[in-house]
Number of protein chains: 2
Amino acid sequence: MGAECHHTESAQPGLEGAALASAVAAAQAQCERTRERLTPPRRRVLELLLESDGPMKAYDLIAAYGADGEPAKPPTVYRALEFLERLGFAHRIESLNAYVPCRMEGAGHRAAFLICECCGAAQEFEPDFSAQFAAAKTAGYAVRTVTLEARGLCPACR
Amino acid sequence: MGAECHHTESAQPGLEGAALASAVAAAQAQCERTRERLTPPRRRVLELLLESDGPMKAYDLIAAYGADGEPAKPPTVYRALEFLERLGFAHRIESLNAYVPCRMEGAGHRAAFLICECCGAAQEFEPDFSAQFAAAKTAGYAVRTVTLEARGLCPACR
DNA sequence: CTCGTTATGTTATTTCATAACGCTGCGGTT
DNA sequence: AACCGCAGCGTTATGAAATAACATAACGAG
């Protein structure tokens, strides 16, 4: 993060200690409710995302995976990411080839991001597509998922 | 294209003959107006995009580049794509890692796509962000560009 | 014509992502 | 308990997407 600017404060500081444990526990609890399994690799990748100050690339996760510095094998991380995305615990940011933990309450929501081109922070927000696809729907389109990524400058970097 | 369905009619048939020549000439004319140069590799990549029935991957363009079957070198195509995107003649679809020629009138517009998960067609449309970023702007964000990609099923594939 | 700039050609490398295969361990059934 | 089906994992290898770096060539203004 912060490759292009030098602001000391991170827009999205990573979690640590109790906050991290609590976020992981919440994911664990949700998994149990839906009979899904938060296995060690999945939990580890989720932790890494939650600890991070900003979007992480897949190979950042691969490199950081082992507590002892041992990297993971790519499929380990990609499989975990697939699971975390499926359950709504993480999102992929297409325009960055990077991943973030979900910062919104509840699952199943639609994700959208404001990405700062200076500090690299990605702010998640809840998009409103109420009007956006009206024309598409009357034309017969069945919209299933939507990717919305806005790029610009965050308040701190302006 | 059409990897997952068998509809004979393409939603977005590629251009050929006079229509192709005319589209290329229009791009040529616009370049001359703005003192930009539609050089041979740029023109070639634009032709390939316009001829295609749907989004093309960069390496599809690389493979198809030479009239004699000789592929291009990757930087040749990536540079041409960068130029075409800058001038608004082509768009990158992030969620597909693919490229399409611009189908909308005029340049400088914001592009958005309806992508059919069955036939692979990508329908460009003009998004309306009038309300979408109001909150972001009052929070101090300066939005520069927006990527909007909706995935689902097109009328023909439903 | 000469110089600065823009564009291209070429080689190599880096980054991102998945295929394929076999093994393991859990949960349900009898 | 023994069996079985399947989700998940480890591992090797490879495929796909994009760019770095540097040399050469074409253009356009002065």
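This is a predicted model, so every value here is computed, not measured.
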For A112(B), what residues pass the side chain to side chain contact (heavy atoms under 4.5 Å, CB included) criterion, not counting sequence neighbours?
F125(B), P127(B), L148(B)

When you check the phosphate oxygens OP1 and OP2 of [N], does a side-chain N or O of [X] lie under 4.0 Å from one of them?
X: T39(B); N: dA7(C); answer: no
X: T76(A); N: dC9(D); answer: no
X: K73(B); N: dG9(C); answer: no

Qualifying residues under side-chain hydrogen bond (donor to acceptor under 3.5 Å, both in side chains), relative to [X], sequence neighbours excluded:
X: S130(A); result: D128(A)
X: E94(B); result: R92(B)
X: T138(A); result: none

Nearest 0.5 angstrom please: L81(B) CG to T76(B) OG1, how far?
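So the CG of L81(B) and the OG1 of T76(B) are separated by 11.0 Å.
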
Here the gap from C119(A) atom SG to D53(A) atom CG, rounded to the nearest 0.5 Å, amounts to 10.5 Å

Could you pull out every donor-acceptor pair under 3.5 Å between side chains of residues 36-45 of chain B and any protein atom, sequence neighbours left out?
from   : atom 1 : to     : atom 2 : distance (Å)
E36(B) : OE2    : R86(B) : NH1    : 3.2
R42(B) : NH1    : R37(B) : O      : 2.7
R44(B) : NE     : Y65(B) : O      : 2.7
R44(B) : NH1    : E47(B) : OE1    : 3.2
R44(B) : NH2    : A64(B) : O      : 3.2
R44(B) : NH2    : Y65(B) : O      : 3.2

Roughly, in whole Å, what's the span from [atom1] in [X] to [atom2] in [N]?
X: R35(B); N: dT6(C); atom1: CZ; atom2: P; value: 15 Å
X: I62(B); N: dT10(C); atom1: CD1; atom2: P; value: 14 Å
X: E32(B); N: dC27(D); atom1: CD; atom2: P; value: 14 Å
X: L61(B); N: dA16(D); atom1: CG; atom2: C1'; value: 14 Å
X: F83(A); N: dC9(D); atom1: CZ; atom2: C1'; value: 14 Å
X: E36(A); N: dA7(D); atom1: CD; atom2: P; value: 11 Å
X: Y65(B); N: dT10(C); atom1: OH; atom2: P; value: 11 Å
X: I93(B); N: dA17(D); atom1: CD1; atom2: C1'; value: 16 Å

Test salt bridge (charged side-chain N to carboxylate O under 4.0 Å, His left out) applied to R79(B) - qualifying residues, sequence neighbours left out
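Result, salt bridge (charged side-chain N to carboxylate O under 4.0 Å, His left out) vs R79(B): none returned.
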
5' to 3', nucleotides 14-27 of chain C under a 4.0 Å protein heavy-atom cut-off (B base, S sugar-phosphate only, - none) gives --BBBBB-------

Connected to L96(A), directly or through other members, by ILVMFWY side-chain contacts below 4.5 Å are I93(A), V100(A), F113(A), I115(A)

End-to-end axis angle, where each axis spans five pairs of the helix from dC1(C)-dG30(D) to dT30(C)-dA1(D), to 10°
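Nearest ten degrees gives 30° for this helix.
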
Once salt bridge (charged side-chain N to carboxylate O under 4.0 Å, His left out) is applied, what residue pairs with a partner in residues 138-152 of chain A remain, sequence neighbours excluded?
E117(A)-R151(A), R144(A)-E117(B)

Go through residues 40-48 of chain A and report each residue with a non-hydrogen atom lying under 4.0 Å from DNA chain C, sorted by number.
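By residue number: none to list.
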
With sequence neighbours left out, the residues meeting ring pair (Phe, Tyr, Trp, His ring centres under 6.0 Å) with Y59(B) are none

